[in-house]
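Chain naming here is simple, since letters A, B, ... match the order of the sequence lines and numbering starts at 1 in each.
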Number of protein chains: 2
Amino acid sequence: MRIGINALTDRDLRDAGLKVTTPRVKILEVLEKANQRHLSAENVYRILLEAGEDIGLATVYRVLTQFEAAGLVNRHNFESNHAVFELDDGKHHDHIVCIECNKVVEFFDEMIEERQLEIANRYGFAISEHALTLFGLCQDCRQ
Amino acid sequence: MRIGINALTDRDLRDAGLKVTTPRVKILEVLEKANQRHLSAENVYRILLEAGEDIGLATVYRVLTQFEAAGLVNRHNFESNHAVFELDDGKHHDHIVCIECNKVVEFFDEMIEERQLEIANRYGFAISEHALTLFGLCQDCRQ
DNA sequence: ATGTATGCAAAACATTTGCACCTGG
DNA sequence: CCAGGTGCAAATGTTTTGCATACAT
């Protein structure tokens, strides 16, 4: 099992039952090396194009979906019209998104996590996941 | 200003700068009287069709968007592929959604709200809104 | 060899928009 | 009357899928 911030390897792909193909390896590299941690399928596709790779957009979608199923990446819907993906670093966290420059900050708060479980429990729900995203203006965008 | 759970009226439409037209009134009625509180545009459209109303889907989308801008309804993206709308009852709340039967429970937790502001503040963000949704199995769906 | 993966083009969806016609105040 | 609203059809943008070909093991 993968732990922490180690780079993903061919091994991780095989462990997920996925053949080690060029598109998959390249897409993993993009997710690891891009300057933003949260990328849309289109983002990944463009980066690959600019790097001279010949990988179709459909493949990017298929691979990202497989990676998500394998637990290698997480999918988020900060904006309603498209999803973004980030490498799963093993540590759960939530997000604060700047509504101006789209900067994303990650945070984790034990108290909120606990409270969520208590609340879910109170209503008889067995929680499998949650999505918490704060939207606002970051320091830079407030002048 | 509207307060609490009173039914929305023509007055509310006028106050929002919207003419009181049949589609708008009927759509408000659907939101008020439907058995589920959270409806997609398609849901609203079908209910209108079944009621014999001749209102286009495009109009439903336009009206719901105007209602949202006017603060009469709130839009949520529980699932990535479509939005749902609910009447704004004046009280902020978050949601727990059953991943099996899609039941939605609303809750409000002061501690989580405060904690979110503290965290945002710590990172220099001025929060304008947030989205917190818990996903899991409700009591009924766990047999 | 052979079951998977991929690229491309087309399809599928939710949502938006252009435009000629209708309607509320 | 006339600005604003509506229906319809067409356009949009994202994501998915069918299928013939290419590739990893």
Side-chain angles (χ1 to χ4, degrees), chain A residues 9-30 38-70 72-85 102, chain B residues 9-30 38-70 72-85 102:
Chain A
T9 63
D10 293 0
R11 176 71 196 291
D12 294 298
L13 291 177
R14 270 188 265 269
D15 286 352
L18 300 171
K19 284 185 183 174
V20 180
T21 64
T22 306
R24 287 177 182 152
V25 171
K26 294 296 179 190
I27 290 173
L28 264 191
E29 281 180 21
V30 167
H38 301 82
L39 300 169
S40 67
E42 189 72 32
N43 288 156
V44 172
Y45 176 62
R46 289 200 187 295
I47 291 173
L48 289 170
L49 272 193
E50 283 161 25
E53 298 296 335
D54 183 28
I55 297 177
L57 179 57
T59 298
V60 173
Y61 274 103
R62 275 186 290 234
V63 168
L64 287 173
T65 300
Q66 293 162 341
F67 283 2
E68 185 194 17
L72 300 177
V73 308
N74 292 119
R75 180 194 303 248
H76 302 292
N77 288 284
F78 299 145
E79 291 171 272
S80 57
N81 56 332
H82 71 287
V84 293
F85 301 81
N102 294 312
Chain B
T9 63
D10 293 0
R11 175 74 193 291
D12 295 298
L13 290 178
R14 270 188 267 271
D15 287 352
L18 300 171
K19 283 186 182 172
V20 180
T21 64
T22 306
R24 287 177 182 152
V25 172
K26 294 296 179 188
I27 290 172
L28 264 191
E29 281 180 21
V30 167
H38 302 82
L39 300 168
S40 67
E42 188 74 32
N43 288 156
V44 173
Y45 176 62
R46 288 200 188 294
I47 291 173
L48 289 170
L49 271 195
E50 283 161 24
E53 299 296 336
D54 184 28
I55 297 177
L57 179 56
T59 298
V60 173
Y61 274 103
R62 275 185 291 232
V63 169
L64 287 173
T65 300
Q66 293 161 342
F67 284 2
E68 186 194 15
L72 300 177
V73 308
N74 293 119
R75 181 193 300 248
H76 301 290
N77 288 286
F78 299 146
E79 291 171 273
S80 57
N81 56 331
H82 71 287
V84 293
F85 301 81
N102 294 313

Nearest whole Å is fine: how far is [N] [atom2] from [X] [atom1]?
X       : N      : atom1 : atom2 : result
A:Lys19 : C:dT4  : NZ    : C1'   : 4 Å
B:Glu68 : C:dT16 : CD    : P     : 10 Å
B:Glu79 : D:dT16 : CD    : P     : 14 Å
A:Lys26 : D:dA24 : NZ    : P     : 12 Å
A:Tyr61 : D:dT16 : OH    : P     : 7 Å
B:Leu64 : D:dT6  : CG    : C1'   : 15 Å
B:Asp10 : D:dG5  : CG    : C1'   : 16 Å
A:Asn77 : D:dT15 : CG    : C1'   : 12 Å

Just compare [options] and give me whichever is closest to any side-chain atom of [X].
X       : options               : result
A:Ala58 : D:dA24, D:dT16, C:dT6 : D:dT16
A:Arg62 : D:dA24, C:dT15, C:dG7 : C:dG7
A:Pro23 : C:dG7, D:dT17, D:dC8  : C:dG7
B:Val20 : C:dG7, C:dG25, C:dT6  : C:dG25
A:Ile55 : C:dG7, D:dG5, C:dT6   : C:dG7
A:Ala83 : D:dT6, D:dT15, C:dT15 : D:dT15

So how far is it from [X] [atom1] to [Y] [atom2], rounded to the nearest 0.5 Å?
X       : Y       : atom1 : atom2 : result
A:His38 : A:Asn74 : NE2   : CG    : 8.5 Å
A:His82 : A:His76 : NE2   : NE2   : 12.5 Å
A:Lys19 : A:Thr21 : NZ    : OG1   : 9.5 Å

- Task: Report which part of the nucleic acid B:Arg24 touches: base, sugar-phosphate, or nothing (heavy-atom distance under 4.0 Å, all strands).
- Result: sugar-phosphate
- Query: So what does A:Arg14 hit on the nucleic acid, given a heavy-atom distance under 4.0 Å: a base, only sugar-phosphate, or nothing?
  - Reply: sugar-phosphate
- Evaluation steps, salt bridge (charged side-chain N to carboxylate O under 4.0 Å, His left out), between B:Glu42 and B:Arg46: CA-CA 6 Å; B:Glu42 188 74 32; B:Arg46 288 200 188 294; 3.1 Å; yes
- Message: For the residue pair B:Thr65 / B:Arg75, report whether a side-chain donor-acceptor contact shorter than 3.5 Å exists.
- Response: yes
- Query: Taking OP1 and OP2 of D:dT6, is either one under 4.0 Å from a side-chain nitrogen or oxygen of B:Thr21?
  - Reply: yes
- Note on the structure: Of B:Thr65 and B:Thr22, the one whose nearest nucleotide on DNA chain C sits closer to the 5' end is B:Thr65
- Message: Closest-nucleotide mapping onto DNA chain C: is B:Glu42 or B:Leu18 further toward the 5' terminus? I mean the 5' end.
- Response: B:Glu42
